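One structure is given below, encoded as structure tokens.
Proteins come first, then strands; the chains are lettered A, B, ... in the order of their sequence lines, and each starts at number 1. Quick caveat, the model's predicted, so the values are computed rather than measured.
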Number of protein chains: 2
Amino acid sequence: MPKQVDYETRRRHIAEAVCDLIDRHGPEGATLRDVAQQAGVSMGAVQRCFATKDEMLAFALHHITERITAQGQEEIDASAAKESAVTLLTATLRTLTLIEPHQRRDARILAAFTAHATAIPSLAEILRQAHAKTRDLLVWLIRYGQRTGEFRDDLDADLEAETLLPLVEGLTSLALLGHRPTVPAHDTLTRRIDGLLMQPSRPSRPASSTAST
Amino acid sequence: MPKQVDYETRRRHIAEAVCDLIDRHGPEGATLRDVAQQAGVSMGAVQRCFATKDEMLAFALHHITERITAQGQEEIDASAAKESAVTLLTATLRTLTLIEPHQRRDARILAAFTAHATAIPSLAEILRQAHAKTRDLLVWLIRYGQRTGEFRDDLDADLEAETLLPLVEGLTSLALLGHRPTVPAHDTLTRRIDGLLMQPSRPSRPASSTAST
DNA sequence: GTTGATACGATGCAACCGCATCAAAATGCT
DNA sequence: AGCATTTTGATGCGGTTGCATCGTATCAAC
């Protein structure tokens with residue numbers, strides 16, 4: 001029998017190369033040749049891993065969305081018992097918002113795939129699942145906070161999550177474009193979380209919609 | 001002197017063709033040949049209007065952002081005196097969210113350009129200006145509502161607008177991907193606006209309070 | 001009517017795309 | 001060791017891309 005190769009790890013390796021190229025040269029930068037070179041393998045190797053380019057892109061998208069959601073989930077699993085729900089939710093939202101410099105790569109990649117998914121339903125499906133997973137995570141966090149007594153128990157976790165999700169998405173998109181907000185994105189998230197609290201923490205800012213659902 | 005052509009209207013005509021193609025065939029669909037054919041002109045005509053393809057894309061982006069922002073602004077200018085601030089803000093947010101079927105085109109086009117702007121700073125600048133304009137519009141609407149006594153006067157309009165803007169952006173993006181929210185996007189917006197009201201209509205549960213689909 | 005600057009549209013061109021092909025190298029089983 | 005078989009990396013191919021070129025058609029100015 002011939003050489004044994006672990007296709008799964010190689011696929012992930014190539015997926016990382018795809019992400020690198022999309023990050024550096026935009027959505028158009030991920031050509032088969034460049035991907036192969038970036039991954040340090042031959043073009044043939046890429047072709048054997050993925051039957052077609054779209055399949056490669058789909059795998060790369062699935063790869064990165066799993067990496068991001070797992071990142072958020074791990075953070076919680078590791079500290080759910082020790083940290084307060086407020087701290088957890090804050091950290092999770094900040095992680096998901098992808099505004100830190102080291103997250104710019106992920107933000108760019110997701111933006112590229114979002115645009116591409118417009119024309120390729122299979123990619124859209126992957127993104128839908130990722131968003132659904134994120135929303136479920138937020139729902140769990142809010143309910144957790146309600147169990148610990150930190151969050152108002154008259155809140156509908158589903159409703160809140162369905163607001164937080166687009167808020168996070170929008171903040172990511174705006175930050176990616178270099179939007180200069182009059183108030184830092186972190187504060188926007190903080191104010192939003194304050195609205196969930198049982199006893200609003202009298203925000204440092206003069207105004208805030210504490211009563212806003 | 002040769003034949004006189006109105007380059008400005010022709011540019012707009014071509015820009016519309018660009019938008020059509022991006023809408024129908026994704027970000028990659030706007031090749032010079034296809035654009036020319038879609039616009040019903042020759043390739044040479046397109047090249048004479050725009051020195052380079054990037055210049056064409058930049059013009060098309062500027063064209064569509066102006067169309068969208070103007071659409072929101074007009075709606076207000078036409079009815080600012082007659083309508084309540086709540087109605088105006090609601091209508092404006094819904095218009096900007098681009099979730100109606102007939103707005104899907106604009107949503108798709110903006111998503112494509114957002115991804116592309118990742119690699120082309122000049123496009124990013126155009127989008128930044130568009131978002132800044134939108135934010136200013138929201139600030140004006142909130143202050144208007146405060147003047148009419150509809151909105152709480154302890155609100156910081158800048159802060160609220162800086163939340164509404166990413167919320168709208170995120171809702172657009174999610175809707176474009178076919179995200180199936182547990183609560184309609186319209187209700188999410190409505191609940192957010194309720195938080196601005198002097199006397200909230202129904203704080204927690206939406207239960208289809210004000211108009212909604 | 002002549003002129004000449006300009007718009008026009010087709011065509012050429014070099015580069016690149018995704019994908020198919022294939023001889024040669026590499027490897028694990030017998 | 002010998003062999004069968006997969007992996008490999010390069011090359012070919014048809015098609016498309018953005019951009020440049022060029023002869024022709026057009027129309028204002030004289």
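The aromatic rings of Phe59(B) and Phe50(B) are tilted relative to each other, their planes meeting at an angle between 30° and 60°.
In this structure, Ile14(B) places its CD1 atom 11 Å from P of dG9(C), rounding to the nearest Å. When the C1' atom of dG18(C) is taken as reference, atom CD of Gln47(A) falls 8 Å away, rounded to whole Å. At whole-Å resolution of the value, NZ in Lys53(B) and P in dG18(D) are 4 Å apart. Summarising the geometry, the separation between CD on Glu55(B) and P on dG18(D) is reported as 15 Å, rounded to the nearest angstrom.
The side chain to side chain donor-acceptor pair (under 3.5 Å) pairs that include a residue from residues 41-64 of chain A are Glu16(A)-His63(A), where partners are two or more places apart or lie in different chains.
Ranking dT17(D), dC19(C), dC8(C) by closeness to the Arg10(B) side chain, first place goes to dC8(C). For Arg48(A), taking side-chain heavy atoms from C-beta onward, the closest of the listed nucleotides dC19(D), dT7(D), dG9(C) is dT7(D).
Between Arg135(B) and Asp158(B), none of the side-chain N atoms (NZ, or NE/NH1/NH2) sits under 4.0 Å from a carboxylate O, so this pair counts as no salt bridge. The pair Arg105(A)-Asp20(A) meets the salt-bridge criterion, with a side-chain N (NZ, NE, NH1 or NH2) lying under 4.0 Å from an Asp/Glu carboxylate O. Salt bridge annotation for Glu160(B)-Arg143(B): absent, with no cationic side-chain nitrogen under 4.0 angstrom from a carboxylate oxygen.
Near DNA chain D, defined here as any heavy-atom distance below 4.0 Å, the residues from residues 17-43 of chain A are Arg33(A), Ser42(A), listed numerically.
Between Glu162(B) and Thr182(A), the side chains place a donor N or O and an acceptor N or O closer than 3.5 Å (distance only, hydrogens not considered).
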